[in-house]
Structure formats: C-alpha cells, structure tokens
Engineer: 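Quick one: the structure is below, questions incoming.
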Amino acid sequence: MTDGRPQGITDDQREAAQRIWDYHHMRHEPRPCDAAIALGCNDLGVSTYAASLYESGLFPTLVFTGANSPATSNVFPRGEAVQFHEHARALGVPDHAMLLEPNAANTGQNITNSRDVLAASGIQPRSVLLITMPYMERRAFATCRRQWPEVDVVCASDPLSFDAYVKAMGDEEAVISMMVGDVQRVLKYPELGFAISQYVPEDVHAAYESLVRDGFTEYLIAS
C-alpha cells in the first residue's frame, strides 16, 4: 500500500470493479431532449461526448456545470465548466447553443444550478439529457430525480468498456476508488435527502465491500 492505495490490481479486484462498472450504467438509449447538462469532472471526454451528441441533433441547448473539486483543481485550474465549454467550442459547438454554470460544487448543485441557468434563459425543459462519466450515470440520475422530479431524465456517457476507460484515464486504481465512492453515495445519499433510493444487488454490494476492505477508499465520504 502507498498513501492508503493498493499497489497493482488482482484479478478478483478487477472482476469486482467490472461488476460495479456495469451497475453504474443506467443503459438508457440517448434520445432527443429539450436540453442537455454535461456534469463537470476530471474527464474531458465528457465534453467531447457532449459535443458529439449535440452534433447528432439530440438537443438544442447544452449546459456545462461545475466549479472544482480536489480531483479537478490541478487538471482544470479555471474550473470544470469553463474548460469543458472551451473544449466543446473548439470541437464546433456554437456559443449560442451553450450555457455556462461555473459554481456547482457537488452533483445536487450541478442539477439545481443548471435548472436555474436554463430558466434564466427562458428554457423550461420537460426532458433533460445528463451527460456524465460512465460510472456516474446512476448517481446523476438518482440526484436529478430527487432535485428536479418533474423533469424526464435520460443519462448518457461515452460507451467505452471498463478496460478502455481505464486506459484513457491512465490510473486504474483511481478509477476503481472513484467507482467505489459512487456506490457509497448511491447507498447513503437517499437518507441524507440528496438522491432517490435505488436497488443495489447483493453481488454489487459484495463487490463494493470487498474493494473497501482492499483499500480502495480514497473517495469515500466520512460515515
């Protein structure tokens, strides 16, 4: 262990991580929505995928939301939303189609602040497409259903395999730790009023507990 993190990933750990990866996906089919919200994170691929979905004509308005977190302050020093916005512009998304929400510090604020930014622009969507990291789909969905229950929610993320995503991000241990942290939030956030409750299958719960025991705890919140 170094800094509390495992050194090298065993086959059993990778199998548990795959189970959690599969669980986090909502398996929604991307479809036309009144607006899209791209949630800030440490993965610029979210902006790239949002730009491709805009190019496909799935929505007329795209909100980029997010300030910074400990995981992104070094990667995106000017803020997640700002740098996602600039990246999408470079990929051809026109300024008139984008809105910027640079203040959200958590997923709940990603949703509520984006709703307010849309409303300030005269947009009252009946449906929204949430564009996230692949393993954040489920938590984003649960949060939106709690914070914005009247809107129809569709989740989308770059359709990469777990292995391909880890290769793109370059740090398997960090990705697994973040996925473990998201399972914990799926479990705990409903009782805190942050998200709706969702079923966690026994095998996913066992995979989560196994990885916690093995030290993938960097992104857990205090109990």
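Because only heavy atoms are used, hydrogens play no part in the values below, and waters and symmetry mates are left out as well, while side chains stay in.
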Engineer: May I ask you to decide whether R145 forms a salt bridge with D152, counting only side-chain N to carboxylate O separations under 4.0 Å?
Structural biologist: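 No, R145 and D152 are not salt-bridged.
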Engineer: Determine whether E150 and Q124 satisfy the following criterion, side chain to side chain contact (heavy atoms under 4.5 Å, CB included), listing intermediate values before the conclusion.
Structural biologist: CA-CA 11 Å; E150 64 272 22; Q124 302 284 346; over 6 Å; no
Engineer: Decide if atom CG of D11 counts as having more than 12 heavy atoms of other residues, nucleotides or ligands within a radius under 6.0 Å.
Structural biologist: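 For D11, atom CG is not crowded (no more than 12 foreign heavy atoms under 6.0 Å).
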Engineer: R185 side chain to G181 main-chain N or O, any donor-acceptor pair under 3.5 Å?
Structural biologist: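 Side chain of R185 to backbone of G181: a pair is present.
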Engineer: With a 4.5 Å cut-off on side-chain heavy atoms, are F59 and P125 touching?
Structural biologist: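 They are not in side-chain contact.
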Engineer: Please tell me if the side chains of N42 and M169 come closer than 4.5 Å, counting only heavy atoms from C-beta onward.
Structural biologist: yes
Engineer: Which pair of heavy atoms, one from L118 and one from A35, lies closest together, and at what distance?
Structural biologist: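 Smallest interatomic distance, heavy atoms only, reads CD2-CB, 4.1 Å.
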Engineer: Return the minimal non-hydrogen interatomic distance between P134 and H25, and the atom names on each side.
Structural biologist: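 So the minimum-distance heavy-atom pair works out to CB-NE2, 3.6 Å.
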Engineer: How about I176 and I9: do any of their side-chain heavy atoms sit closer than 4.5 Å?
Structural biologist: yes
Engineer: Hey, mind stepping through V212 and L220 against side chain to side chain contact (heavy atoms under 4.5 Å, CB included) and telling me if it holds?
Structural biologist: CA-CA 9 Å; V212 169; L220 295 183; 4.2 Å; yes
Engineer: Flag the pair D182 / M133 as yes when at least one side-chain heavy-atom distance between them is below 4.5 Å, and no otherwise.
Structural biologist: no
Engineer: Check V82 against P102 and note the closest heavy-atom contact, atom names and distance.
Structural biologist: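 Answer, listing the atom of V82 first, then P102: CG2-CB, 4.4 Å.
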Engineer: Do the charged groups of R27 and E137 touch, with an N to O distance under 4.0 Å?
Structural biologist: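 No.
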Engineer: Would Q109 and N103 count as a side-chain hydrogen bond (donor to acceptor under 3.5 Å, both in side chains) if you check the C-alpha gap in whole Å, the side-chain angles of each, and the deciding distance to 0.1 Å?
Structural biologist: CA-CA 8 Å; Q109 291 176 6; N103 300 312; over 6 Å; no
Engineer: How long is the gap from OG on S157 to CG on L39, to the nearest 0.5 Å?
Structural biologist: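 So the gap between those two atoms works out to 11.5 Å.
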Engineer: Given 3.5 Å as the limit, does a donor-acceptor pair link the side chain of S210 with the main chain of A206, or not?
Structural biologist: no
Engineer: Have D203 and Y23 got a donor and an acceptor in their side chains that come within less than 3.5 Å?
Structural biologist: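 Short answer, no.
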Engineer: In the structure I gave you, are the side-chain heavy atoms of R115 and V128 within less than 4.5 Å of one another anywhere?
Structural biologist: no
Engineer: To the nearest 0.5 Å, tell me how far T61 OG1 sits from L99 CG.
Structural biologist: 6.0 Å
Engineer: Check for me whether R139 meets the cation-pi criterion with Y189, that is, NZ or CZ under 6.0 Å from the six-membered ring centre and within 45 degrees of the ring axis.
Structural biologist: no
Engineer: May I have the step-by-step check of side-chain hydrogen bond (donor to acceptor under 3.5 Å, both in side chains) for Y165 and D43, ending in yes or no?
Structural biologist: CA-CA 10 Å; Y165 187 77; D43 177 9; 2.9 Å; yes
Engineer: Other residues, nucleotides and ligands only: do more than 12 of their heavy atoms fall within 6.0 Å of CD on E202?
Structural biologist: no
Engineer: Give me the atom names and distance for the closest heavy-atom approach of S127 to D34.
Structural biologist: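 Minimum heavy-atom contact is OG-N, 3.0 Å.
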Engineer: Using a 4.5 Å cut-off on heavy atoms from C-beta on, say whether the side chain of P94 contacts that of Y54.
Structural biologist: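 Heavy-atom side-chain distance check passes, below 4.5 Å.
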Engineer: Where is the tightest heavy-atom contact between F162 and Q18, given as atom of each residue plus distance?
Structural biologist: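 Nearest heavy atoms, F162 then Q18: CB-OE1, 3.5 Å.
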Engineer: Is there side-chain contact between I20 and Y208, with heavy atoms separated by less than 4.5 Å?
Structural biologist: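 Of all side-chain heavy-atom pairs linking Y208 with I20, at least one is under 4.5 Å.
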Engineer: Please check if atom CD in E209 has more than 12 non-hydrogen atoms from other residues, nucleotides or ligands closer than 6.0 Å.
Structural biologist: yes
Engineer: Taking only Lys NZ, Arg NE, NH1 and NH2, and the carboxylate oxygens of Asp or Glu, determine whether R14 and E172 approach each other closer than 4.0 Å.
Structural biologist: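 Yes, charged N to carboxylate O under 4.0 Å.
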Engineer: Write down the atom of M98, the atom of A88, and the distance for their closest heavy-atom approach.
Structural biologist: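 Scanning both residues, the minimum pair turns out to be SD-CB, 3.8 Å.
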Engineer: I want to check something: taking the side chain as every heavy atom from C-beta on, are F84 and V46 in contact at a cut-off of under 4.5 Å?
Structural biologist: yes
Engineer: Counting distance only, does the side-chain N/O of H28 pair as donor-acceptor with the main-chain N or O of V154 below 3.5 Å?
Structural biologist: no
Engineer: Could you walk me through whether V183 and R138 satisfy the side chain to side chain contact (heavy atoms under 4.5 Å, CB included) test, starting with their C-alpha distance in whole Å, then the side-chain angles of each, then the deciding distance to 0.1 Å, before giving a yes or no?
Structural biologist: CA-CA 9 Å; V183 174; R138 184 169 295 277; over 6 Å; no
Engineer: Going from OG on S47 to CG on L91, what distance comes out if it is rounded to the nearest 0.5 angstrom?
Structural biologist: 6.5 Å
Engineer: CD of E86 to CZ of F64: how many Å apart, nearest 0.5 Å?
Structural biologist: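 Between atom CD of E86 and atom CZ of F64 there are 11.0 Å.
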Engineer: I'd like to know if M178 and L187 are part of one continuous hydrophobic network [Ile/Leu/Val/Met/Phe/Trp/Tyr, side-chain heavy atoms within less than 4.5 Å].
Structural biologist: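 Per the 4.5 Å side-chain linkage, L187 and M178 are co-clustered.
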Engineer: Given I111, which of V151, V153, T143 fulfils the side chain to side chain contact (heavy atoms under 4.5 Å, CB included) condition?
Structural biologist: T143
Engineer: Please work out which of the three classes, parallel, tilted or perpendicular, describes the rings of Y135 and H24, given edges at 30° and 60°.
Structural biologist: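 The rings of H24 and Y135 sit tilted, inter-plane angle from 30° to 60°.
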Engineer: Taking D158 for its side chain and L160 for its backbone only, find out whether a donor-acceptor pair lies under 3.5 Å.
Structural biologist: no
Engineer: Test C144 against L130 for side chain to side chain contact (heavy atoms under 4.5 Å, CB included), laying out the working first.
Structural biologist: CA-CA 9 Å; C144 191; L130 298 183; 3.8 Å; yes
Engineer: Do S114 and E101 get their side chains close enough for a donor-acceptor pair, meaning under 3.5 Å?
Structural biologist: no
Engineer: Can you tell me how far CD of Q184 sits from CD1 of I221, rounded to the nearest 0.5 angstrom?
Structural biologist: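 If we round to the nearest 0.5 Å, I221:CD1 and Q184:CD are 4.5 Å apart.
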Engineer: From T10 OG1 over to D214 CG, what is the distance, rounded to the nearest 0.5 angstrom?
Structural biologist: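 The distance works out to 6.5 Å.
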Engineer: I'd like to know if the side chain of H87 pairs up with that of Q83 as donor and acceptor (distance under 3.5 Å, no hydrogens or angles considered).
Structural biologist: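 Not at all, the side chains of H87 and Q83 share no donor-acceptor pair under 3.5 Å.
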